[in-house]
Amino acid sequence: MSLLVAIRGWTPDEWVERFRRLMPGRLVFDARHPFDPGAVTHAAVWKPEPGLLAGLPNLRAVFNLGAGVDALLADPTLPRVPIARIVDPDLTARMTEWVVMNVLMYHRQVHAHAENQRRAVWGTLPQPAAKDVSIGIMGLGVLGRAAAEALMALGFHVRGWSRSPHEIDGVECFAGAFGLGPFLGRTDILVVLLPLTPDTRGILNKALLDRMRRKNHMGGPVLINGGRGGLQVEADILAALDHGTLAAASLDVFETEPLPAMSPLWAHPKVIVTPHCAADSDPDALARVITEAIKREESGGGIASETLVDRRTGY
Ligand code: NDP
Ligand code: OXD
């Protein structure tokens with residue numbers, strides 16, 4: 001059994017070292033250097049070079065080093081072996097923090113208070129209770145459910161939208177194309193934790209933003225996207241912000257990453273940009289999770305169902 005580590009965009013050296021430490025006695029190949037393709041049984045990858053995995057005749061399973069598999073599935077030559085993605089409490093907790101931080105910032109009108117402070121104005125603002133504010137979460141998977149629980153614990157009215165119908169205690173659930181209109185029509189803050197698939201690409205567009213509830217204490221609907229940049233049409237978001245259809249946006253992910261220096265999103269007064277770090281996790285913890293998953297697969301336990309990617313749906 002041997003592992004190929006193929007990583008683009010992050011520092012591969014540290015990952016190769018981690019896996020060598022965690023799997024003493026096994027071969028751990030670095031895809032940047034020559035290796036024997038026939039010896040590779042497992043691959044730990046992040047955005048691997050398209051075609052690389054197709055050249056591994058004895059590959060048994062692929063372990064994606066993140067929760068989203070859109071970059072991996074974009075390779076049309078990807079071999080038909082099981083694919084596992086990351087489901088990890090550390091990653092989930094960090095995404096929950098990012099979502100809650102943003103929701104509270106808008107709900108408690110931090111920007112308006114900061115502006116008053118700048119002008120030395122002792123200005124009190126009307127402040128509704130959390131229960132009177134509706135948070136709509138697109139994506140009720142591992143991350144969406146965790147965010148829903150945290151927001152419910154703070155007292156918000158939480159609604160959720162997914163591909164298939166769900167019943168979740170305390171969450172008003174909607175599903176599919178028919179559910180989208182009613183879901184958006186009573187949402188004040190839209191939290192997006194969807195995967196990027198052919199069905200969700202470009203979903204955060206003018207038509208969707210136009211359907212959100214307009215009247216609230218924040219001056220209009222707010223968008224918080226921690227999913228993927230390909231979900232959003234940035235030109236439509238900018239136009240909605242300038243037109244007032246959207247009051248504000250917090251974006252962790254972008255159509256092009258890193259966000260180009262020329263993007264108007266950087267300096268837009270109603271936009272908060274974070275550099276795809278919402279769920280930046282402890283790499284040692286992730287490497288341990290993957291190592292355990294590889295050992296489980298090797299010993300015949302297969303891939304844990306909550307991490308197994310369904311290639312038909314794309315997540
Ligand atoms: P899951 O696979 O657990 O959940 C995905 C959710 O999206 C499910 O509820 C699913 O519906 C729903 N969904 C998928 N397609 C559609 C559709 N066409 N219409 C409506 N709902 C849909 O994923 P996670 O919660 O673990 O992660 C979500 C995404 O977050 C990842 O794919 C990744 O892109 C992103 N991410 C971003 C990070 C960052 O740092 N910014 C870090 C980690 C992840 P159903 O329940 O019916 O299957
Ligand atoms: C992920 C990410 O998918 O960090 O895990 O974006």
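Atoms within each ligand, like the ligands themselves, are counted from 1 in listed order.
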**Q** List by chain and number: which residues place a heavy atom under 4.0 Å from ligand 1?
**A**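 Residues within 4.0 Å of ligand 1: Ala67, Gly68, Arg85, Leu91, Met95, Gly139, Leu140, Gly141, Val142, Leu143, Trp161, Ser162, Arg163, Ser164, His166, Leu193, Leu194, Pro195, Asp199, Thr200, Gly226, Gly227, Arg228, Asp252, Val253, His276, Ala278, Ala279, Tyr315.
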**Q** Which one of Arg94, Arg85, His276 has a non-hydrogen atom at the shortest distance from atom 2 (C) of ligand 2?
**A**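 It is His276 that holds the nearest heavy atom.
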**Q** Test your reading of the structure: does Trp46 have an N or O sitting under 3.5 Å from an N or O of ligand 2?
**A**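 There is no such contact.
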**Q** Any side-chain heavy atom of Leu251 within less than 4.5 Å of one from Gln232?
**A**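 With C-beta onward as the side chain, the pair touches.
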**Q** Is the shortest side-chain heavy-atom distance between Pro48 and Leu53 below 4.5 Å?
**A**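 Answer yes - side chains close enough.
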**Q** If you measure from the Lys or Arg side-chain nitrogens to the Asp or Glu carboxylate oxygens, is any gap between Arg119 and Glu115 under 4.0 Å?
**A**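 Here Arg119 pairs with Glu115 in a salt bridge, since their nearest N and O are under 4.0 Å apart.
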**Q** Side chains of Ser250 and Tyr106: is there a donor and an acceptor less than 3.5 Å apart?
**A**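 Judged by distance alone, the side chains do pair up.
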**Q** For Trp10 and Trp46, take the angle between the two ring planes, folded into 0 to 90°, and tell me which bin it lands in: parallel under 30, tilted 30 to 60, perpendicular over 60.
**A**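 Trp10 vs Trp46 ring planes: parallel.
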**Q** If two hydrophobic side chains count as joined below 4.5 Å and joins carry through other members, does Val45 share a cluster with Val69?
**A**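 They do share one cluster, since a chain of ILVMFWY contacts under 4.5 Å joins Val45 to Val69.
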**Q** Run His276 and Phe254 through side chain to side chain contact (heavy atoms under 4.5 Å, CB included) and show every step you take.
**A** CA-CA 8 Å; His276 199 144; Phe254 301 91; 6.0 Å; no
**Q** Evaluate the side-chain proximity of Asn64 to Ile86: yes if any heavy-atom separation is below 4.5 Å, no if none is.
**A**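 No, their side chains stay 4.5 Å or more apart.
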**Q** Can you find a heavy atom in the side chain of Asp13 that is under 4.5 Å from one in the side chain of Arg32?
**A**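 Asp13 vs Arg32: side chains touch.
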**Q** Going by heavy atoms, is Arg228 under 4.0 Å from ligand 2?
**A**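 Judged by the 4.0 Å heavy-atom criterion, Arg228 does count as contacting ligand 2.
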**Q** For ligand 2 and Gly66, I'd like to know whether there is a polar contact (N/O to N/O, distance under 3.5 Å).
**A**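 No: no nitrogen or oxygen of Gly66 is under 3.5 Å from one in ligand 2.
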**Q** What protein heavy atom sits nearest atom 5 (O) of ligand 2, and how far away is it?
**A**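 Its nearest protein heavy-atom neighbour is Ala67 N, 2.7 Å.
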**Q** Would you check whether Gly68 has a nitrogen or oxygen atom less than 3.5 angstrom from a nitrogen or oxygen atom of ligand 2?
**A**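 Between Gly68 and ligand 2, an N or O pair is found under 3.5 Å apart.
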